[in-house]
Each structure stands twice: as C-alpha cells, then as structure tokens.
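By convention in this document, chain letters (A, B, ...) are assigned in the order of the sequence lines, proteins followed by strands, and residues within each chain are numbered from 1. Worth knowing before you read on, the calculation uses all heavy atoms, side chains too, and leaves out hydrogens, waters and symmetry mates. Every value quoted in this text rests on a predicted model; they were computed, and no experiment measured them.
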2 protein chains.
Amino acid sequence: MLDSYRDDIRDLDLFAGMKQDSFEALMRGAYVQNFPPRIELISEGDTPDFLHVVISGSVDLFSSWNGRETSMATVRPVSTFILAATIKNAPYLMSARTLEKSRVALLPSEDVRAIFASDGAFARAIVTELAQCYRAVVKNTKDLKLRTSLERLANYLLRQQRHNGSPEFDLRMEKRRLASFLGMTPENLSRAFKGLEPHGIKVAGSRIIVHDIVALERFAKPSALIDRYDS
Amino acid sequence: MLDSYRDDIRDLDLFAGMKQDSFEALMRGAYVQNFPPRIELISEGDTPDFLHVVISGSVDLFSSWNGRETSMATVRPVSTFILAATIKNAPYLMSARTLEKSRVALLPSEDVRAIFASDGAFARAIVTELAQCYRAVVKNTKDLKLRTSLERLANYLLRQQRHNGSPEFDLRMEKRRLASFLGMTPENLSRAFKGLEPHGIKVAGSRIIVHDIVALERFAKPSALIDRYDS
DNA sequence: TTGATGGCTTGACAATTATCAAGCGAAACA
DNA sequence: TGTTTCGCTTGATAATTGTCAAGCCATCAA
C-alpha cells in the first residue's frame, strides 16, 4: 500500500491512537482498490469480510426492502464504514455502492477484531466512533419522526449552508438521492424546493441560494440536538 | 447498595467482564433510587451526570421538537440507557421518564469515563453494547423509511408474537405510546388495527390474537435485517 | 352509586405524500 | 449537428396520514 494512503488512514481518529505494532499488523493484510462509479461494494445481509475506508471518491449506504430502496448515508473521505457489523461479525444492515470513481482501503475484518481484542487504545477509539455513529442515527430518527418533509429539507439546507459557510452552494448529490435520503420521492422534493421559496430559498439546478437565512431559520427551527454534527 | 442490585448490574454484559477493582470503583459512587411513574429522569440537552441502569420497572426514551414529541424506545430491566452520551460527555439526545414505579441505579458519568479509559475489558464491552444499539437504530430507520404505518404495525406484532412465543399476547404498552413509537397518531393506529383484520389479526383491548400467522407474514414480509433483535 | 377522568375509537375532513403520465432540458453520444 | 438518454419538473389523481370533534367505555374516586 502506498505510504500516502497509509498515512491518511493512520490520521483517522479511529487509528491515530493505537499502538504502532497494531497498526502495522492491520496494514499487513490490507489493500487498496479502485472502483468505477455505481459499483456495489457490499450487499446487506452479507457477512463482513473487510472494514472499508474511503480514501477518495464517495460511497452511498442504502437499504432495500420489498422492492423499495432508501439512501441511508453518504460516506466521504477519509472515513470508515460498516464498523459495527465488522466488530460484531454480524450481517451488514446496509449495502454500499460507489457514487463516483473511488479508492477504498480494505482491512480484513478478522484482523480488525483481533486487534480490537488486544489493543485497548484501539478499542477505546472504536467506542468513540460508534458513539458518534449511534448519535448520528438517533438524530436522523428524530428528524424523520418529528418533522415533515418540507421541514427536513429546510433543515438539510441550513446544515449544508452552515457547513459551506456561504449562503450559496451546490447540492453535492443528485436530487433523486437527496429525496431518498430525506425520506421522500423526487417529485415531492421538487415541490418542496418550490415550497421553500417563500422561506428564503432560491434554486437553480443544483445551485442553492439562501437569500434570507433568517426566514429559513424561522421556518426550519433548527435544533442542536438534531442538526449539529458535533455535540 | 443492596448486594442483589449489585449482582444484577454485574451480570449485565456491559459489566460482566471488567476487572473486579474497576467494578468496585464504579459501585463506590453509585446509588439506587426509586421513582414513581411518569417521573422525568433526564431531559434531552442536559449533560450526562449518571449512567442509568434500570433495575425494575420500565423507562420511556422520547424526544421533542417544536411542540411535537415521539417515543424512541422502551428500556426494560436489566439494562442501561444513554451510554453514548455518557461516554462522549455530550448532551442527551433523548429524554427519559418512568412508565411505572421503577428502580434505577445511577453510576456517576465521570467514574464511567475514568474506568472506560483504564479498563480495556470494559472498553470492549462498551463497544459491543454500542454496536448493538447502533444496529438497533439503523433497523428502526429502515422500518420507518421503507414501510408504511400499516406494515410497521404488522411487523411489530410479528416481533411481539415471536418474542412471546404464543399467538396470543398483550401489548405491553399503551396504544398511544405504541402509535408514537411506530411513528403514527393514535387515531391512525386504531385504524391500522382494523386494517390488519383481513391479515390474521384480532384485537380486544390490549389483547392481540394472531389467528393466522401465515397471512400476517404474507402481508408484513418480515426481514431479518430489520426485525430480528439478534443478528 | 355517581361523576369525573382519560384512553380509545369513530366519523368527517384536511393536509401531506405518493403515483402515474407527460414533457422539458442539459449532457452524452453517434 | 442531430439524437438519445436521463434526471428533473409539472399536472392530475390517488393513497396515506393527520386533525378535529364527538362519543364510548373502563377505571377510579367521592
């Protein structure tokens, strides 16, 4: 594996504090692979062979049931995904596919579990990571259960706006996938954008302009306990 | 603290493997308290002072936003709640209230974090617990996003039926709270029960009779990756 | 017993969201 | 350059879900 990839991985909170021996043991069986867009990396129900680390590109986590499909999350570099399944050695609950050309490091699950068992610092880092993931999913559940789709979109745009720091930004994903992520149909999303125009939003293709943040916040009523990535 | 409570706690997976020293240190600052029904134990947004362990009774975890409220989970003995917030020392994302007269052990958060940092076995047990919780919430999200309310109710009843082992059982919670947990209104739940009558369900008050499991399963299409508590 | 309470149910209606079909328009391709 | 493709949008309609109001019924207390 290229040193630069190795350094990217080492810099992740998950791997930064572990013993050098452990890290090297983990890297020994690891390898990096390049994938074209729209390749399914893992399928829900499968048993985890590898812990995945997205080095570049991006990955969609999604789930299916009864012919329906929903986007659960987007994984962007540099971060891992499907840690919980790897640790528990339990079937994946979500599938993953590349959204674009992506580079992914694959760390054998057995190695991850072995080192988890022997390296206390690694175990503690996993705790922090899982606690973070858990809280993110809880926030998402609150978003889904307590808000209408219009409110979810409004708050999503506020989070993006805050993240970008600018009142004008591009959606970083297809609208159809955003719709799925927010738990609505593409048609409904299209109408929701229209519905936010009286609340300070202008849309031109994938370009979003928040021309009245105060109005948008008045409508969206963002909450730290749902919308903040930290905390 | 009574030895029997101490033993109950020690028997939890979370505490079973830790060093005896660590456990005793944890118990030193811990105490048990009795609460009447409908007492709010913690409020979302607060900073975690204690890790809670329900010894007897039951506790509702719920969240609010903009005057709306939703039930997120029920905690039954013997198990802990709000572990992630305690470990991260981050604000509670959910509130908790007793559903009935309950006995709860309170373990000071600082002690939990200190021992988490020093006892590797405890850290590993926390990983397992958090991974479990994370996966439970992911399943819940899939349930919410991929199913209609009628399908959610049908699958909920199948899970209960499986759990009880009998085709006939009592709902263990108020219908209004079940409705909230399933992400619907009480009125809608009432109609959903009616809607399941053609699919093998009979309802008499809080008594549920699954008189045609095959029909119910044909409608509900349960999935291990959403509906199984294990895996 | 009587009355009050509160959860549950029902009906009527409204809001939200999904579905289906058609058309638009930008990007990709021959 | 023209054609195709595909995501997005729009309109019409249907299904789902929520809201409001009223009534039922079991429980509990006076």
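Here the CZ-NZ distance, from B:Arg135 to A:Lys88, works out to 7.0 Å after rounding to the nearest 0.5 Å.
Applying the ring pair (Phe, Tyr, Trp, His ring centres under 6.0 Å) definition to pairs two or more places apart or across chains, none involves residues 147-183 of chain A. Listed by first then second residue, pairs satisfying side chain to side chain donor-acceptor pair (under 3.5 Å) with a partner in residues 45-58 of chain A read A:Ser58-A:Glu100, not counting sequence neighbours.
Salt-bridge formation is detected for the pair A:Glu44/B:Lys142: a Lys NZ or Arg NE/NH1/NH2 atom is positioned less than 4.0 Å from an Asp or Glu carboxylate oxygen.
Between B:Met173 atom CE and C:dC8 atom P the separation is 12 Å, expressed in whole Å. Look at NZ on A:Lys194: it is 7 Å from C1' on D:dT9, rounded to the nearest Å. Residue A:Arg68 contributes atom CZ, which lies 14 Å from atom C1' of C:dT17 at whole-angstrom precision. For the pair B:Leu153 CG and D:dT17 P, the interatomic distance rounds to 11 Å; values are reported in whole Å. The distance from atom CD of A:Glu197 to atom P of D:dT10 is 9 Å, rounded to the nearest whole Å. Atom-to-atom, CG of B:Leu99 to P of C:dG7 comes out at 13 Å; the value is rounded to the nearest Å. Atom CZ of B:Arg176 and atom P of D:dG18 are 15 Å apart (whole Å). Put simply, CD1 on B:Ile208 is 13 Å from C1' on C:dC8, counting in whole angstrom units.
The ring of B:Tyr5 has its center no closer than 6.0 angstrom to the ring center of B:Tyr31.
A heavy atom closer than 4.0 Å to some atom of DNA chain C occurs in A:Gly183, A:Met184, A:Thr185, A:Glu187, A:Asn188, A:Arg191, these being the qualifying members of residues 178-193 of chain A.
Side-chain N or O atoms of A:Asn164 include one that pairs as donor or acceptor with a backbone N or O of A:Gln160 at under 3.5 Å.
For B:Glu174, counting side-chain heavy atoms from C-beta on, the closest listed nucleotide (D:dG7, C:dC8, D:dT9) is C:dC8.
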